Amino acid sequence: MKRNKNYDNLEQSYLFSTIAKKVNEYTTKNPDKKVIRLGIGDVTKPLCKAVIDAMHKAVDEMGIQETFRGYGPEQGYDFLRTAVQGYYKKHNVDLDLDEIFISDGAKSDLGNILDLFDKDNTVLVPDPVYPVYVDTNKMAGRVVNFINANGGNDFLPLPDRSVKADIIYVCSPNNPTGSAYNRVQLKEWVDYANSMQAIILFDSAYECFIESEDIPHSIYEIKNAKTCAIEFCSLSKTAGFTGTRCGYTVVPKELGKLNKMWLRRQTTKFNGVPYIVQRGAEAVFTEEGQSEIDVNLNYYKKNAKLISQTLKECGIWHVGGKHSPYIWLKCPNDMKSWEFFDYLLENAQIVGTPGAGFGKNGEGYFRLTSFGSYENTAEAMERIKKLFA
Ligand code: MLT
């Protein structure tokens, strides 16, 4: 047996596991302190009524001989793919059903998609970045090159045509920075990828937070994107499915063999998302579901505004908070990211995510999320004001 030595090139533990461990240690030592968690981007509002009703109905169907279902199609039931197709249509994107693949979330598919690519591809990733893009490539032994996102480009780096790339990661609205590309900027990435015959792996997990017509929800709103992009989306943040697990990946047929290869990969290594979950997901796209999830999204958006407003009052530089549940701030008093993490936990019992955990350009920055309850977010902001206003 020869184990995969590429794992030796990874950080010892996944960022959010490290944070959870540190917070656990703190709460064990300080059981009487109220810790407010604005770290991992995990939702707190429950699933909406339309989803729950649909799931209850599906549970009942599973207990009746005539409506019981065993294995489903690996790429998802037609009813859900049709609902996703309709959602794209609202953004003026036409997709065929066999270009849509239902998944158990964007994170899994972002890692799994690498099965389709040779080890020797050159990978280009923005820094700071969602660690999954980097780690999954490192696990496969690929060398990862970085493009700098920083205060100078508002954390929205644009392609440098002198740099060659085969696989390019773009996440907009961005995790971790919350910044979002407008149509003109995203077109630069599409043109660059097409000119290099490269592929963009476009993570649109946060598209539901977009509040402006200038910012595309899907990369396919950009001309010629179907010849260079695979898109990953998720119901985790959109509809509170972080624990329920459901997302979708779009592999356009214009990408040639990749569409059939992905189907081959999924039929071999995946048995599909549970029927009950897919029925719940279908309900998200109904009129009722859309208006119910909007209530929750507006709740998080209100939190984001409050965080952004508080940071402004404290004179703390930040981006995000608009079109995104994330707020990316410069650590006050030139503190390093992990130093600020400890400071905030010790002095205000607030948990955030150290920017350094997302790459070298994240050093000196910090991420807060708007996914907490309004009461906790407001209390956290009062604590921040006491320290910095
Ligand atoms: C985050 O906090 O960055 C997200 O929860 C990551 C994820 O969706 O996996």
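These numbers were taken from a predicted model, which means no experiment stands behind them. Just so you know, ligand 1 is whichever comes first in the structure, and atom 1 is the first atom listed for that ligand.
- M139 belongs to a hydrophobic cluster whose other members, connected by ILVMFWY side-chain contacts under 4.5 Å either directly or through intermediates, are Y7, L10.
- At a threshold of 4.0 Å, the pair D8-R3 counts as salt-bridged, since one of the basic side-chain nitrogens sits closer than that to a carboxylate oxygen.
- Residue V143 shares its hydrophobic cluster (ILVMFWY side chains chained together at separations under 4.5 Å) with no other residue.
- Between D42 and R37 there is no salt bridge, since none of the side-chain N atoms of the basic residue sits less than 4.0 Å from a carboxylate O of the acidic one.
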Can you give me a line-by-line list of nitrogen or oxygen pairs between ligand 1 and the protein shorter than 3.5 Å?
| residue | atom | partner | partner atom | Å |
| --- | --- | --- | --- | --- |
| ligand 1 | 2 (O) | G41 | N | 2.6 |
| ligand 1 | 2 (O) | R367 | NH2 | 2.7 |
| ligand 1 | 3 (O) | N175 | ND2 | 2.9 |
| ligand 1 | 3 (O) | R367 | NH1 | 2.9 |
| ligand 1 | 5 (O) | G41 | N | 3.4 |
| ligand 1 | 5 (O) | G41 | O | 3.4 |
| ligand 1 | 5 (O) | K237 | NZ | 3.3 |
| ligand 1 | 8 (O) | K237 | NZ | 2.8 |
| ligand 1 | 9 (O) | Y130 | OH | 2.5 |

Side-chain donor-acceptor distances from residues 48-58 under 3.5 Å, at least two apart:
| residue | atom | partner | partner atom | Å |
| --- | --- | --- | --- | --- |
| K49 | NZ | D53 | OD2 | 2.7 |

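- Between F358 and Y365, the ring centre distance reaches or exceeds 6.0 Å.
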